[in-house]
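See structure below.
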Amino acid sequence: MKNAKELLKEKLTAENYNRLIALANPKMHEFVADAIELTQPESVFVCTDSEKDRAYIRELAVKNGEEISLDTPGHTCHFDGYHDQARDKAQTKYLLLPGSDLGASLNSIEKKTGVEEVRSFLKDSMLGREMLVCFFCLGPLDSDFSIPCIQITDSPYVAHSETILYRPGYSQFKKIGSSGNFFRFIHSEGELEIEDSQGNAVSKNIGKRRVYIDLEENLVYSVNTQYGGNTIGLKKLALRLAINKASEEGWLAEHMFVLGAHGPDDRVTYFAGAFPSACGKTSTSMLPGQTIIGDDIAYFRRKNSQIRSVNVEKGIFGIIRDVNPKDDPIIYKALTNPCEVIFSNVLIDNAKKTYWLGMGAELPTEGINHSGKWHKGKIDADGNEITPSHKNARYCLNIPDLSNRDPLIDDPNGVPVGGLIYGGRDSDTWVPVEQAFNWNEGIIIKGASLESETTSATLGKEGVRTFNLMSNLDFLSIPLGRYIRNNLDFAEGIEKQPLIFSVNYFLKGKDGKYLNGMADKLVWILWAELRVNGDVDGIETPTGLIPKYEDLAKLFKEHLDTEYPLGDYIQQFTVRIPENLAKLDRVEKIYKEKVPDTPQILYDTFAEVRGRLKKAQDKHGDYISPLDLMAR
Ligand code: SPV
Ligand code: MN
């Protein structure tokens, strides 16, 4: 390749060239020059942090048809291809040098072969298009947490989404000078086609969709796809890079929300929580009366003998299904009032209004959706009825536009973590809330044992339990055992270790009906807040500490203005011994068979908890009322 600067000078306008050169970073210059040579764009736009540049990207997305302006000011809608509606797990792979190994659970490809393949798909992919070169920062600016990033893309929708989701990073790049310590992402939609006479242009060669990750180079390639989870480099692709970096540097990158829970006397206690997709993670981070730091990805560092956390992002790319004025009033308000929102894969009508499944209103019988022109009863090529909006349809908005943002959202020191919360979709095993006895048991029995039952929103059978440790399995870039070890070690020497809780919003009775209402989760979180501050006692079970009835009854009355019948408490908090034992067996089998580097302490802890469960079973039987335990 020619000297990078010479090539940039030749291909860029003076203004864009000067913007790049003002950042004295040879590695970044080489990355951009190589991308230009590879993809051959017609022009290159270098985006700084100015409002004018961000407006240019927003307008470009509408001008070239990737987004449609809607009736409400600031709102736009984007459609991904019919077969490009979710993360492509099969074609997302780590590029590995011969001899390196991430374990059988992680998808990988030999580096040379993978790089050749993905570069061949990227070759000339931007002919006739404008390349966008954007700079962002993961985490707050000017902080130990900050990771500068460069995103190259030919999709103004991707760039626009990132201006909402991430803090601007051009000025951050100025500060790092010639340092090579940043993440790089290159994305092209590849060849486009009009899917339907009414539809917009979508990636055509889905069979050649690839997301390849180079951990050594902190570089990700993404091609022939538009869906955000595959293309928005800073989201789950950066999480993979960050997990590897964190493991090398001794911090943690987690698939977690961060929430400020408000206790008595204006006390705020911060919680971070991990839930697999579609299990109530965003709605927990948006609990009424509480304040949000972030809803999806958090970094954790040890500072002054404390564990502190930041939101890596500054926006939300949330599932829109079931967002309705009753259950999600704050999000619903943002989605129905003027402010910057990108809807994706929802239904729009002739008046450019948006509709989605579960919005609490009647949906029109025709409009435009991810299949192009849609009418009720429309069938796809496989004979399946097309839903009005896709089940994974999303909204993308700025957290600062929400009324419940936490004031410490951009604090460069992060917020102190009082507790961690792990939850999944579990119809019959875990109680609604339980505190682990200590950090190690929390990490092992709660986080590393997390499972979730499949729903109708994913392909395949419903109700199948899928193992998903820390809800981070999809994004791990290091062997599972090492990841667990990192979590265990992280709290060592911390003065006040965060308490670890499990929650379960999905417990069902014998009749198959949920035992709890949607709103009840507020009470579980506020109970955890009281525990962290030592305000209430717990009742010992074989697996941890559960609430006393009177403490919950008080919280239900104060915060939800409802009575909490004792019978409900007994049913919900009955310790289910056979189900808990079966869960231990199921999860242990996975570690034994699939995770060769599982730390011994995991097996020891499983054995200890199994022993406690059996002892309790001998004494009380299979199903133990919390009142019997209290009586002890
Ligand atoms: C998730 O699925 O966990 C998401 C959306 O947050 S995605 O960007 O697709 O990962
Ligand atoms: Mn997520």
Side-chain angles (χ1 to χ4, degrees), residues 78-81 83-92 107 136 138 149 151 153 155 157-162 164-166 185 187 203 209 211 213 220 222 225-243 253-259 272-286 292-299 311-323 331 342-346 356 370 390-397 399 421-425 450 452 454-455 457-459 466 468-477:
H78 164 81
F79 292 109
D80 299 304
H83 297 287
D84 193 21
Q85 294 284 325
R87 278 187 268 119
D88 185 345
K89 293 192 200 181
Q91 292 302 339
T92 301
N107 207 357
F136 299 101
L138 293 168
C149 297
Q151 169 87 59
T153 178
S155 164
Y157 158 70
V158 168
H160 179 197
S161 301
E162 289 184 328
I164 295 175
L165 292 170
Y166 303 98
F185 306 93
H187 163 251
S203 294
R209 177 170 53 200
V211 179
I213 301 148
V220 183
S222 163
T225 174
Q226 291 172 308
Y227 171 69
N230 297 322
T231 59
I232 298 173
L234 278 82
K235 202 166 192 46
K236 295 311 193 324
L237 311 181
L239 176 57
R240 293 163 180 268
L241 298 181
I243 288 171
E254 297 297 315
H255 188 206
M256 284 186 164
F257 69 75
V258 183
L259 162 85
F275 297 63
S277 298
C279 287
K281 179 150 149 263
T282 302
S283 62
T284 304
S285 72
M286 300 286 302
I292 181 172
I293 295 273
D295 88 312
D296 198 34
I297 304 169
Y299 291 165
N311 180 10
V312 169
E313 313 182 282
K314 72 160 183 76
I316 299 182
F317 180 60
I319 296 179
I320 200 164
R321 187 182 187 184
D322 294 334
V323 172
I331 298 264
I342 310 174
F343 293 84
S344 49
N345 308 315
V346 295
W356 57 89
H370 58 290
H390 194 273
K391 288 168 180 167
N392 192 31
R394 303 250 165 186
Y395 59 85
C396 177
L397 54 73
I399 294 175
I421 299 169
Y422 294 102
R425 195 173 279 269
L450 202 58
S452 198
T454 50
T455 66
T458 50
L459 296 175
T466 41
N468 191 349
L469 81 164
M470 283 77 164
S471 142
N472 218 355
L473 182 63
D474 283 359
F475 315 114
L476 287 193
S477 50

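Note that the numbering runs from 1 along the sequence shown for the chain. Scope of the values below: all heavy atoms of this structure, side chains included, with no hydrogens, waters or symmetry mates. Ligands are counted one by one from 1 in listed order, and the atoms in each one are counted from 1 as well. Nothing here was measured: the structure is a model prediction, and the numbers come from that model.
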Partner residues of D474 under the side chain to side chain donor-acceptor pair (under 3.5 Å) criterion, sequence neighbours left out: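 Once residues adjacent in sequence are excluded, the partners of D474 under the side chain to side chain donor-acceptor pair (under 3.5 Å) criterion are R87, K89.
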
L476 backbone acceptor or donor facing N472 side chain under 3.5 Å: no

Residue contacts for ligand 1, heavy atom to ligand atom, distance under 4.0 Å: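 Shell around ligand 1 (4.0 Å, heavy atoms): R87, Y227, G229, K235, K236, H255, S277, D296, F317, R394.
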
Residue that, paired with N230, satisfies side chain to side chain donor-acceptor pair (under 3.5 Å) out of T225, D88, D80: T225

The Mn ion (ligand 2): protein N, O or S atoms [distance under 2.8 Å]: K236 NZ, H255 NE2, D296 OD1

Between T282 and D295, a side-chain donor and acceptor under 3.5 Å: yes

Side-chain H-bond candidate by donor/acceptor type, H187 with T231, under 3.5 Å: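 Result is no, nothing qualifies.
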
Parallel, tilted or perpendicular: ring planes of F317 versus Y227, cut at 30 and 60 degrees: tilted

Pairing residues for K314 by the salt bridge (charged side-chain N to carboxylate O under 4.0 Å, His left out) criterion, not counting sequence neighbours: none

Nearest-0.5 Å distance, OG1 of residue T284 to CZ of residue F257: 5.0 Å

Side chain to side chain, L259 and I292, heavy atoms closer than 4.5 Å: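 Not in contact.
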
